Amino acid sequence: MILCYDLGKSVAGSLALHVMVSLARKLIASRNPIPTSRSYEFGNPEVFVPFSRLQETKLLESHLVSLLDNCSSLNQIKQVHAHVIRRGLDQCCYVLAKLIRLLTKINVPMDPYPRLVFHQVEYRNPFLWTALIRGYSIQGPLKEAVSLYNAMRRESISPVSFTFTALLKGSSDELELNLGRQIHCQSIKLGGFCEDLFVHNILIDMYVKCGWLDYGRKVFDEMSERDVISWTSLIVAYSKAGDMAAAAEMFERLPVKDLVAWTAMVSGFAQNAKPREALEFFHRMQSEGVETDELTLVGVISACAQLGAAKYANWVRDMAEGYGFGPANHVMVGSALIDMYSKCGNVEEAYKVFEKMKEKNVFSYSSMIMGFAMHGCANAALDLFEEMVKTEVKPNKVTFIGVLMACTHAGLVERGRNLFDTMEKHYSVEPSVEHYACMIDLLGRAGQLEEARELIKAMPMEPNSGVWGALLGACRIHAGRWEDVLGVRKSIKQKLLRKDPSRSWIEGKEGVIHEFYAGDMTHPNSKEIKEALEDLIGRLKSHGYEPNLSSVPYDLNEEHKRRILLTHSEKLALAYGLLITDSAGSTIKIMKNLRICEDCHSFMGGASQITGREIIVRDNKRFHHFRNGVCSCGNFW
DNA sequence: ATAGGGTTAG
């Protein structure tokens with residue numbers, strides 16, 4: 001039985017009804033499924049709703065759907081579900097499909113709850129099928145989603161366009177890529193979907209996710225119709241691949257740029273360690289009158305964190321408040337701010353933000369723990385971890401890197417070993433190569449070189465450069481085993497050769513950021529900087545400083561090595577810092593994108609002594625506070 | 001009722 005109804009009185013409605021009836025007749029005549037259309041709905045013929053009550057039922061349905069829309073936790077959804085059953089809508093595909101989509105969104109496994117919801121409905125429409133297929137597709141395995149799709153076909157339910165988008169969404173590796181291609185072929189065979197803009201946009205993402213960026217680009221190039229989503233997908237793909245030049249080229253060609261496209265560029269630059277470009281794009285975006293939302297701000301905050309400048313930190317914070325995205329009610333903004341203040345050297349302010357936040361997630365806790373660890377506040381970090389595990393927020397791999405780093409800084413070997421041993425058992429976080437690197441660091445720093453070596457042997461994975469680096473540091477400060485150092489250095493040499501060029505920043509007057517590369521003479525005050533640096537080198541030499549040429553990992557002659565070493569970017573930044581600040585004991589803060597070299601480290605120490613200044617160098621790992629010739633890291637980094 | 005942007009570590 002096919003039921004058509006028309007609630008309105010308009011001519012269009014009557015016409016639509018007429019079309020429906022003739023489509024229904026065709027369907028009966030051909031016994032084939034009809035192409036997708038949003039204007040019909042498969043309902044449950046057993047639950048016949050009298051015409052007089054139809055509007056009331058529709059109202060109830062949309063009421064329940066809006067209740068669901070406001071749910072953000074499993075418990076809330078379960079409550080609404082109970083309500084749905086009480087109101088007799090336990091067979092309503094519209095409401096239940098919404099419920100399954102929401103469960104997918106908050107990552108509730110499809111088995112058993114959503115699957116059970118699905119099975120309790122006797123007459124399932126394509127949207128209910130699609131909701132479950134989508135869940136399996138997103139959460140994996142894709143095979144499960146495909147077998148559901150086949151079951152749906154066996155029951156002669158005709159797929160809708162987003163059945164295919166749901167299926168394609170799941171392909172994330174090469175194996176699934178082939179499955180994805182088969183699905184795409186199916187969608188073409190069934191007709192009506194091959195020209196679908198949605199399907200094409202998902203295809204772009206599918207190829208990109210599998211690492212086939214060029215294929216994604218090919219789909220894009222061959223599309224007959226493109227929208228801002230197609231463009232943004234590729235912009236993001238290029239930026240994730242580290243090719244900001246290609247991303248920027250796409251962006252400039254994009255005819256109508258919207259908030260999301262702009263944000264993709266801002267975040268792209270931030271993610272690719274190009275904070276100045278990120279801010280430049282953000283300013284352009286604002287001057288073109290594009291609105292700003294929470295996600296845009298997160299990108300901007302991340303850029304400011306990399307600059308490490310107090311001026312930018314306060315600027316972006318005030319701006320976030322001004323837009324109504326303050327940390328109190330916005331977890332993502334709050335977490336990003338915590339990270340930013342820690343990286344700007346202001347861990348107290350980071351904690352103030354943390355305290356203000358009403359809702360805290362794993363990012364908030366991990367960023368705060370990491371912030372404490374970076375600044376050597378080991379007890380604060382560990383106390384916060386204890387506080388965290390009492391809440392419902394589950395620690396993840398990053399959280400454990402934070403607590404292990406904290407232990408390293410305070411030499412808490414037993415505590416660290418204990419955390420490392422229980423992370424999998426108690427918190428289901430599998431130790432990764434980074435966690436092993438932390439442990440090697442911890443053991444090595446405490447002088448337990450044999451244990452460190454045993455742990456490397458026992459690792460279930462290949463040691464990476466972080467692990468070797470930790471061991472290298474340990475060999476350097478203990479036992480004087482230089483032959484070991486050379487051996488380790490050899491094995492990580494390949495990695496050293498393909499690193500980013502080293503850069504340093506310093507915050508000048510009016511919060512202007514000055515950036516230096518090694519040997520960089522492009523700064524307008526280069527002449528003065530060079531003189532100040534030479535003066536400093538002279539004074540240091542008279543105190544016994546001698547350039548440590550082994551810090552230059554290239555095969556060059558001595559004079560060349562010396563020239564490179566003495567114009568390392570942090571030395572230029574330091575010279576500039578001395579030029580622009582009063583000599584009255586003020587602190588000089590330098591930011592670096594890479595780990596500080598050994599020569600620069602001792603150079604900074606000596607400089608702090610003879611100038612009587614505190615020098616803070618933030619490298620890619622932690623803060624070095626140099627005071628009177630001594631560094632807070634204890635010469636271990 | 002399907003598609004694009006996000007924070008922590010390395």
Side-chain angles (χ1 to χ4, degrees), chain A residues 36 38 41 65 93-98 100-102 125-128 130-131 133-134 137 159-169 193 196-206 208 226-237 239-240 254 257-268 270-271 293-303 305 327 330-340 342-343 361-371 373-374 395-405 432-435 437-438 464-467 469 495 595 620-621:
Chain A
T36 176
R38 288 198 191 175
E41 192 174 338
V65 164
C93 292
Y94 172 47
V95 176
L96 296 176
K98 179 83 195 178
I100 293 176
R101 271 196 300 277
L102 273 171
N125 76 6
F127 301 103
L128 188 67
T130 301
I133 289 173
R134 186 169 171 273
S137 173
V160 288
S161 173
F162 27 93
T163 313
F164 292 107
T165 54
L167 279 166
L168 291 170
K169 213 171 157 48
F193 307 122
D196 197 305
L197 183 61
F198 287 104
V199 171
H200 274 131
N201 282 343
I202 293 243
L203 276 176
I204 296 178
D205 280 336
M206 178 180 92
V208 167
R226 298 176 194 110
D227 63 5
V228 62
I229 293 170
S230 333
W231 287 87
T232 312
S233 283
L234 269 186
I235 289 172
V236 171
S239 92
K240 292 256 154 73
L254 169 56
K257 305 161 172 65
D258 70 358
L259 164 67
V260 179
W262 277 102
T263 305
M265 287 305 289
V266 173
S267 320
Q271 285 158 7
D293 73 2
E294 197 177 353
L295 296 188
T296 320
L297 285 169
V298 166
V300 178
I301 295 169
S302 163
H330 294 85
V331 213
M332 277 195 307
V333 168
S335 309
L337 285 175
I338 292 171
D339 173 58
M340 179 186 75
S342 309
K343 284 182 178 160
N361 64 12
V362 63
F363 286 95
S364 332
Y365 279 103
S366 306
S367 300
M368 196 63 244
I369 290 172
M370 198 66 72
M374 251 192 311
N396 64 12
K397 53 188 289 188
V398 183
T399 322
F400 278 100
I401 289 173
V403 285
L404 291 177
M405 257 176 66
S432 68
V433 68
E434 284 86 11
H435 298 107
C438 286
N464 66 359
S465 61
V467 172
K495 266 135 194 159
R595 182 182 288 209
N620 58 348
K621 263 198 128 138

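This is a predicted model, so every value here is computed, not measured. Just so it is clear: chains get the letters A, B, ... in the order the sequence lines come, proteins before strands, and each one is counted from 1.
- Of the N and O atoms on the side chains of A:D339 and A:S342, not one donor lies less than 3.5 Å from an acceptor on the other residue.
- Rounded to a whole Å, the CG atom of A:N396 is 14 Å from the P atom of B:dT7.
- A:S233 contributes no side-chain N or O that forms a donor-acceptor pair with the base of B:dG4 under 3.5 Å.
- Among the protein residues, A:I202 comes within range of the sugar-phosphate backbone only, with heavy atoms under 4.0 Å from sugar or phosphate atoms but none that close to a base.
- A donor-acceptor pair under 3.5 Å links the side-chain atoms of A:T232 to the main chain of A:V228, judged by distance alone.
- For the pair A:K169 NZ and B:dA3 P, the computed distance is 5 Å after rounding to whole Å.
- Side chain of A:N464 to backbone of A:V467: a donor-acceptor contact under 3.5 angstrom is found.
- As rounded to whole Å, 8 Å separates atom C1' of B:dA3 from atom CG of A:L197.
- Across all strands, A:L259 comes closer than 4.0 Å to base atoms (heavy-atom distances).
- For A:F198, taking side-chain heavy atoms from C-beta onward, the closest of the listed nucleotides B:dT8, B:dA3, B:dG5 is B:dA3.
- Among the nucleotides B:dA1, B:dG10, B:dT8, the one closest to the side chain of A:M405 is B:dG10.
- If you check distances only, the side chain of A:N464 never reaches the base of B:dG10 with a donor-acceptor pair under 3.5 Å.
- Summarising the geometry, the separation between CZ on A:F164 and P on B:dA1 is reported as 21 Å, rounded to the nearest angstrom.
- At the heavy-atom level, A:V398 lies under 4.0 Å from base atoms of the strands shown.
- Nearest to the side-chain atoms of A:I229 among the listed nucleotides B:dA3, B:dG5, B:dT2 stands B:dA3.
- Side-chain proximity of A:F162 to B:dT2, B:dT8, B:dG5: nearest is B:dT2.
- Base contact: A:T232 has a heavy atom under 4.0 Å from a base atom.
- The CG atom of A:L337 sits 10 Å away from the C1' atom of B:dT7 (whole-angstrom rounding).
- In this structure, OH of A:Y365 is placed 19 Å from C1' of B:dA9, rounded to the nearest angstrom.
- Within 3.5 Å, a donor on the side chain of A:D293 pairs with an acceptor on the base of B:dG5, or the reverse.
- Listed nucleotides: B:dG4, B:dA1, B:dA9. Nearest to the side chain of A:R101: B:dA1.
- Counting only distance, with no hydrogens or angles, the side chain of A:H200 and the backbone of A:L197 share no donor-acceptor pair below 3.5 Å.
- Closest contact between the side chain of A:R134 and the listed nucleotides B:dA3, B:dG4, B:dT7 involves B:dA3.
- Side-chain N or O atoms of A:S233 include one that pairs as donor or acceptor with a backbone N or O of A:I229 at under 3.5 Å.
- If you check every strand for non-hydrogen atoms under 4.0 Å, A:K343 touches sugar and phosphate atoms only.
- A:V65 comes within contact range of no nucleotide atom at all, as no heavy-atom separation falls under 4.0 Å.
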